[in-house]
Protein chains: 2
Amino acid sequence: MTTIRSVAEEAGVSIASVSRVINGLAARGDTEERVWKAIKALDYQPNSAARALKVRRSEQICLSFDDLANPAYTMMTRGVGQALSASEYRLVLASAFSSVEEIIKHLKTMGRGFADGLIISPIYGDVRITKLLSNLQIPVVVIGTLPEGINADNVWVDSSAGVEAAIVHLKHVGRKKIAFLNGPLSTNPGRRRLAAFHNALASNNLQSLSENVFQADAFSPDSAYQTISSSKNLSTFDSIICANDQLAAGLMKYCSQNQIEIPSDLAVIGIDNTDLSSLLRPTLTTIDLHAEERGALAAQLMLQRLADPTRPIQKIVVEPTLVIRESTEEK
Amino acid sequence: MTTIRSVAEEAGVSIASVSRVINGLAARGDTEERVWKAIKALDYQPNSAARALKVRRSEQICLSFDDLANPAYTMMTRGVGQALSASEYRLVLASAFSSVEEIIKHLKTMGRGFADGLIISPIYGDVRITKLLSNLQIPVVVIGTLPEGINADNVWVDSSAGVEAAIVHLKHVGRKKIAFLNGPLSTNPGRRRLAAFHNALASNNLQSLSENVFQADAFSPDSAYQTISSSKNLSTFDSIICANDQLAAGLMKYCSQNQIEIPSDLAVIGIDNTDLSSLLRPTLTTIDLHAEERGALAAQLMLQRLADPTRPIQKIVVEPTLVIRESTEEK
DNA sequence: TCTTTAACTGTAAACGTTTACCGTGCCGAA
DNA sequence: TTCGGCACGGTAAACGTTTACAGTTAAAGA
């Protein structure tokens with residue numbers, strides 16, 4: 001194994017000098033030259049564990065979320081990655097595929113100097129997660145609703161404003177019988193978006209029909225498809241808002257198999273403005289929650305926090321945008 | 001900061017005993033008890049950098065690929081994650097969004113004890129990548145075509161057999177004028193799949209029409225859409241094979257906007273069998289390359305290699321499967 | 001030429017673990 | 001009662017860096 005010691009010998013200097021050259025501190029021209037030459041010759045790579053131990057920083061920022069399969073998180077990851085790429089920090093992803101246990105497992109290793117900062121988008125309200133988060137010794141940036149009792153930098157999107165805009169739009173194109181296709185109520189987005197739906201109906205003086213909420217058990221197309229298949233009252237409605245684009249896609253699959261025309265029989269709105277929304281047929285009206293932008297903002301908050309741990313806690317609010325496509329065209 | 005030293009003091013034992021208890025080595029009942037009590041009381045978390053430095057293992061396996069936005073990699077990641085979840089290794093993702101520079105940057109940190117093993121699915125043939133890979137001191141498992149000169153465990157899928165099956169199928173449903181919509185030729189899949197297309201045409205005695213290859217500059221829907229929009233001879237063909245589902249989706253978007261009926265005017269086949277393929281309308285016939293399974297196999301190879309570094313190099317070959325859906329129904 | 005100062009460089013002590021080695025105390029056998 | 005053996009526990013030396021501090025050299029001013 002080639003260590004800093006072997007480089008020092010090869011170059012005929014002390015290990016301190018090697019370290020200084022590597023880290024760009026002052027050195028005489030010829031010292032510097034000999035050190036670089038030795039490094040090249042030996043193909044030396046500094047050991048990051050040793051460095052991390054000494055400087056008490058891993059130079060890693062961890063991004064943690066619950067469902068890699070959800071394209072919204074892919075977009076978010078891209079935002080974080082780009083914001084971090086110019087920094088000295090490396091991005092590592094710790095994604096669970098929707099298992100609270102896995103998240104907890106990851107969070108536990110977090111406190112061990114594995115990462116210098118954690119950007120997390122927790123969709124479950126599990127108290128164990130909250131507890132672990134609040135015990136963490138490293139800065140945390142939360143994307144999404146801040147769990148009760150956590151005091152951390154936060155990027156938040158007002159999804160209820162998005163749902164409100166969607167309902168205003170539906171009303172405007174002449175729809176009155178609006179349903180909601182939700183993801184699991186065990187998640188924050190599930191609870192918040194459902195509440196937003198009810199509020200928006202009320203504030204727009206729209207009648208809340210009975211059984212107007214379809215409840216899927218995951219934010220996935222399959223789950224939407226099954227939920228809708230096993231319900232009998234879809235035809236009661238002239239429009240439906242889905243808690244994300246994936247659910248909308250599953251619903252649309254069902255519709256196309258059952259001769260329900262979109263938008264004439266049923267107008268459909270999704271959430272997230274993922275790639276899917278312009279690939280589906282008809283194209284999908286959707287509420288853009290700006291996942292990529294939120295990721296980038298979170299990364300910036302993290303970098304600032306890392307640079308100045310004493311700065312006051314920040315909260316950034318992002319406004320959603322309604323993107324209108326074919327699935328809500330007027331009849 | 002609470003270290004093993006503070007735990008030792010709190011428990012009234014030596015740091016060696018604390019370490020032994022944590023690592024499950026022999027200790028008297030009361031020692032063990034006092035140590036765990038102290039750990040609980042101080043909320044102690046062992047520092048992983050220190051441990052990594054000492055035991056020369058990071059207990060991390062890194063999965064690296066080129067394009068998180070490509071759902072095929074999401075599936076692959078799920079496979080790796082599941083295969084690893086029972087092991088002592090943590091999975092970290094280092095994904096670049098299709099930039100060779102970023103991959104190189106990541107690869108360089110790899111040799112520093114950042115990870116104990118690297119599972120990589122390199123789509124670019126860049127020599128710098130090959131060189132870095134061959135210099136790596138840790139085990140490497142390659143998913144995909146093994147770069148020239150690299151000797152590593154390998155999971156390989158015979159995509160040309162898939163393309164062959166696709167062409168046989170098209171012929172069977174009465175198509176003779178077959179085109180190919182390819183991704184960038186700078187990538188391994190791009191080159192291999194194109195070659196497979198030409199071979200399969202020949203071996204099936206099908207005429208190779210002029211300009212029968214449409215060349216997109218990324219494996220994305222947008223890129224497909226643009227490529228097709230700016231070409232004038234799509235109507236020459238009665239069927240088209242796309243180098244992945246994303247490209248097929250972009251093509252189908254173009255078709256639906258330009259009154260080209262699928263499958264009657266044009267039969268379409270994708271590659272990967274991603275979620276998209278059953279959500280599109282019509283649903284998409286596609287070549288399943290079993291990304292999730294390949295991920296799991298690669299992880300198993302890695303675990304075996306890590307357990308026994310001297311075992312012979314393995315190569316696992318996965319056979320593709322043609323999944324037939326609406327986009328290639330007979331006219 | 002001699003002193004003062006600045007610019008580098010080397011020595012050695014950390015960082016928080018693991019683990020080889022040795023010492024202690026206990027038990028059972030002679 | 002003495003001794004051998006065994007099971008634990010403690011001491012201290014690593015692991016590969018960074019960095020405070022002191023020492024050395026060279027340059028500049030007198």
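All values below were derived from every heavy atom in this structure, side-chain atoms included, with hydrogens, water molecules and symmetry-related copies excluded. Below, read A as the first sequence line, B as the second, and so on, with proteins coming before strands; counting in each chain starts at 1.
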Categorize [X] for me: base, sugar-phosphate, or nothing, with a 4.0 angstrom heavy-atom threshold over every strand shown.
X	result
B:Ser48	nothing
A:Arg20	base
A:Ser17	sugar-phosphate
B:Ser19	base
A:Ala27	sugar-phosphate

Flag yes if more than 12 heavy atoms outside [X] fall under 6.0 Å of its [atom1] atom; otherwise flag no.
X	atom1	result
B:Arg5	CZ	no
B:Lys105	NZ	yes
A:Glu148	CD	no

Please give, in whole Å, the distance from [N] [atom2] to [X] [atom1]?
X	N	atom1	atom2	answer
A:Leu25	D:dT19	CG	C1'	9 Å
B:Lys54	D:dA14	NZ	C1'	4 Å
B:Arg57	C:dT17	CZ	P	17 Å
B:Ile22	C:dT18	CD1	P	6 Å
A:Phe114	C:dT17	CZ	C1'	18 Å
B:Ile15	C:dA20	CD1	P	15 Å
A:Arg112	C:dT17	CZ	P	10 Å

Any B:Arg51 side-chain N or O less than 4.0 Å from OP1/OP2 of C:dT18: yes
Phosphate contact (D:dG10 OP1 or OP2) by B:Ser14 side-chain N/O below 4.0 Å: yes
Contact nearer the 5' end of DNA chain C, comparing B:Ala49 with A:Gly12: A:Gly12
Closest to the [X] side chain, choosing from [options]:
X	options	answer
A:Arg56	C:dC15, D:dT17, D:dC8	C:dC15
B:Leu53	C:dT17, D:dT17, D:dG16	D:dG16
A:Arg28	D:dG16, C:dC8, D:dG10	C:dC8

Shortest non-hydrogen contact from A:Ser58 toward A:Asp116: N-OD1, 2.7 Å
